[in-house]
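First comes the structure, then the notes that go with it.
Per chain, numbering begins at 1; letters A, B, ... match sequence-line order. Note that the coordinates shown come from a computational prediction; the quantities given were computed from them, not determined experimentally.
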Protein chains: 2
Amino acid sequence: MAATINDIARTAGVSRTTVSRVLNDSGYVKEETREKILKAIQELNYTPSAIARSLSTNRTNTIGVIVPEINNPFFGEIIKGISQVADEHNLNIILFNTDDTRDKELKALKILKEQRIQGIIITPTYPEDKFNREYLNTLKSLNIPVVLMDGHVEYSNFSGVFIDHIKGAFDGTMALIEEGHSKIAIITGDMNSRPARDRLTGYKNALVLNHISVNKRYIFHGNYKHESAYRITKQILDMEDRPTAIFVMSNMMILGCMKAIYEENVNVPGDIAIMGFDKVDALNIVGMNISFINGPTIEMGRTGMELLIDNLYKKGGNKELKRITLLPKLVLKGSEKYIKNKCK
Amino acid sequence: MAATINDIARTAGVSRTTVSRVLNDSGYVKEETREKILKAIQELNYTPSAIARSLSTNRTNTIGVIVPEINNPFFGEIIKGISQVADEHNLNIILFNTDDTRDKELKALKILKEQRIQGIIITPTYPEDKFNREYLNTLKSLNIPVVLMDGHVEYSNFSGVFIDHIKGAFDGTMALIEEGHSKIAIITGDMNSRPARDRLTGYKNALVLNHISVNKRYIFHGNYKHESAYRITKQILDMEDRPTAIFVMSNMMILGCMKAIYEENVNVPGDIAIMGFDKVDALNIVGMNISFINGPTIEMGRTGMELLIDNLYKKGGNKELKRITLLPKLVLKGSEKYIKNKCK
DNA sequence: TTTAAACATGTTACCGATTCCATATAATTA
DNA sequence: TAATTATATGGAATCGGTAACATGTTTAAA
């Protein structure tokens, strides 16, 4: 249906080699001929086929991106960053959303291999899954660069972009301490996950550094879901020697925590201070006095893509393993002119 | 580098046609031969090239998706829906995020044409932009199905999925009226946009139907940004004959509105009822008493993809123009067990 | 036993580009 | 003026598959 390079060649009365030269602006073409060809291209509304080009050049200029939850703004922002850099380098993105499913993740990898993409950025849902790791290794053996986003695959040799969860939690805790708090509760994520463990470590480090004893009664284990944080926060608010601050270790759990606080009519930060790991824009805007440790999501995406591109342009075995750790940023309440909570 | 069908043929001692038959499970192949071939495939870790296949079959099994803001959960959920259906039909997605930029939107369309994708789902940022409409028309003339998501392109002939903004705003207003409100303020979106105008219409329709006069002093024009709603809400709260309910016509504006309310320590819904068009999950979870008119985003994505697929499988001029309008859903406070606001 | 249908496999053209090589002419340089 | 070199274009192979067609072998029906 669509015009091909042969149609252009015929119309312009030249060989398709010459047309190709014009398309790629390579080699010698007489100005007059070039114009004839451009005219034919215009007339036939011709667009070269990336498919045919890919087959012949062995380059697709496409990368694969695999995320578990596209509707989560965390990943949305990562993709935004990836997309910006991809655009700058004229690379296309084939996107897969796995809905946290191992099957879909595996299927995505298979398809990407078929598609002869040039590289993969993946936020692995099951980093510990043997089968997938095997598959990632297969990909690696094919010399397709792989970049991990915020997901450690232990014992493997992939480049990646990571967040320094320890430092982030450390900074958050330090900030609370500097504000005068010493009774600081923490609501952790699922302790089976590496970030949850790291964050707890950061919290402890800060306490120890300040000679504050780590009180086990102040350490509560949530599971990343808002319900768990809701329940735990209620519990915290009922304690006799109630903490003066709560450090909540995820996005969704901040919401559960704030629900409890909202319900119990507790003043933040007057009665209790809240620090969150990961931001919740909505609460920021509404003006709740919550400080955040904020993972630089867009930057993660950009950095990951840059890492990938570095490797894309290196032939053969020259690909370097590079792990970049980004520091989360502390956003203190008030530093963005948060309004004081007048709700008493 | 990677093994080709010829390598498999050679290894298995057959012609590549036979290999192709095994790959596609078509035609006759002796069981014994099949096994030889499968063994070779395994040994050489062979994956067929989708590129070569696309060139020869003239099908890429890929569609293009263009969104303005991938980090906005509204689009994230649409993509989630698209992705689900795409996966069910083994279609891949090339994603473009335009950052609300006309240039990027146009560039995306060009690339998709090069990529010989089978169809496009687009949420047009500049539906009124002549150039882009021209481009969309070009695409259409190429017989590539196009599906619009929630963006009217007037006078054009594209299939699409739309939200019934009039009905949504009507339902929201009716709900408030049924709760006994008659002094209902509205904060509109940018009146240059079709949805904003439609929603205002729905609001008026409900009032008229209930013989409530449309009070111009209760109609406030915002611009979709939270700051505008913040300012307007403050203004509303200061009115002498203050409305008893506010209908806020967007996502972000709900946040601005709630900021003002939170600041002024007003009880919702005791002192004033709030209804939003578009949901804000975070506020839902925290337990603010806001009712919502909720666009069915995931369903939109699914429906759009299904619409596209319908057209994908129809040859030539048989493509049908189909516009599907989805009804937003009313989520009343309390219907999800919202906790009463005790903040007085 | 002959004949047609089913089974099994291979030959070859083609999809739409790129690219190496060959060839011819024009412009420079020796 | 002859020898180079730069300019201009085309021929043909190639990328890795698919598919129409051809051909040979079994198997089953007549």
Practice item. Consider the side chain of S56(A), meaning its heavy atoms from C-beta on, and name the nucleotide among dG17(D), dA13(D), dC15(D) that approaches it most closely. Key: dC15(D)
Practice item. State which of dG16(C), dG17(D), dT11(C) makes the closest approach to the side chain of T17(B). Key: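 For the T17(B) side chain, the nearest candidate turns out to be dT11(C).
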Review point. Are a donor atom and an acceptor atom from the side chains of T11(B) and D7(B) found within less than 3.5 Å of each other?
Key: no
**Study point:** Of residues 18-29 of chain B, the positions that come close to DNA chain D - non-hydrogen atoms, cut-off under 4.0 Å
**Key:**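 Close to the strand are S20(B), N24(B).
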Specify the separation, in whole Å, of atom [atom1] of [X] and atom [atom2] of [N].
X       : N       : atom1 : atom2 : result
N6(B)   : dT11(C) : CG    : P     : 12 Å
K36(B)  : dA8(C)  : NZ    : C1'   : 12 Å
N58(A)  : dG16(D) : CG    : P     : 7 Å
Q115(A) : dC15(D) : CD    : P     : 20 Å
R10(A)  : dT9(D)  : CZ    : P     : 19 Å
L55(B)  : dT14(D) : CG    : C1'   : 12 Å
E31(A)  : dA6(D)  : CD    : C1'   : 17 Å
E32(A)  : dA26(C) : CD    : P     : 13 Å

Practice item. Evaluate the side-chain hydrogen bond (donor to acceptor under 3.5 Å, both in side chains) criterion for residues N90(A) and K107(B): first the C-alpha distance (whole Å), next the side-chain angles of each, then the deciding distance (0.1 Å), finally the verdict. Key: CA-CA 10 Å; N90(A) 289 312; K107(B) 184 177 172 194; 2.9 Å; yes
**Study point:** Sidechain-backbone polar pair: Q118(B) side chain, I63(B) backbone, donor-acceptor under 3.5 Å
**Key:** no
Check your understanding: Below 4.5 Å, heavy atoms only, C-beta onward: do H89(A) and L312(A) meet side chain to side chain?
Key -> no
Review point. Do P68(A) and T123(A) come close enough that some side-chain heavy atom pair is under 4.5 Å?
Key: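 Counting from C-beta outward, P68(A) and T123(A) do come under 4.5 Å.
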Practice item. Would you please test E43(B) and K39(B) for salt bridge (Lys or Arg N to Asp or Glu O under 4.0 Å) and show each step? Key: CA-CA 6 Å; E43(B) 273 173 13; K39(B) 188 159 148 271; 3.7 Å; yes
For [X], report the nucleic acid contact type (base, sugar-phosphate, nothing); a contact means any heavy atom under 4.0 Å.
X       : result
T4(A)   : sugar-phosphate
T33(A)  : sugar-phosphate
T57(B)  : sugar-phosphate
R116(A) : sugar-phosphate

Exercise for review: Identify whether the distance between the nearest side-chain nitrogen and carboxylate oxygen of D25(A) and R34(A) falls below 4.0 Å.
Suggested key: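 Looking at R34(A) together with D25(A), the answer is yes, because their closest N to O distance falls below 4.0 Å.
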Review point. Of the non-hydrogen atoms in L308(A) and P145(A), which two are nearest, and what is the gap between them?
Key: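 Looks like CD1-O, 3.5 Å.
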Check your understanding: What is the distance from atom CG of L55(B) to atom OG of S54(A), rounded to the nearest 0.5 Å?
Key ->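 OG of S54(A) is found 10.0 Å from CG of L55(B).
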Review point. What's the spacing between I82(B) CD1 and T303(B) OG1 if we round to 0.5 Å?
Key: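 Between atom CD1 of I82(B) and atom OG1 of T303(B) there are 10.5 Å.
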Review point. Hey, does the side chain of S15(A) come within less than 4.0 Å of dG10(D)'s phosphate (OP1/OP2), counting only N and O?
Key: yes
Review point. Between the base of dG10(C) and the side chain of R16(B), is there any donor-acceptor pair under 3.5 Å?
Key: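 It does not, because no donor-acceptor pair links the side chain of R16(B) to the base of dG10(C) below 3.5 Å.
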Are any protein N/O atoms closer than 3.5 Å to N/O atoms in nucleotides 24-29 of chain D? If there are, list each pair with its distance.
none

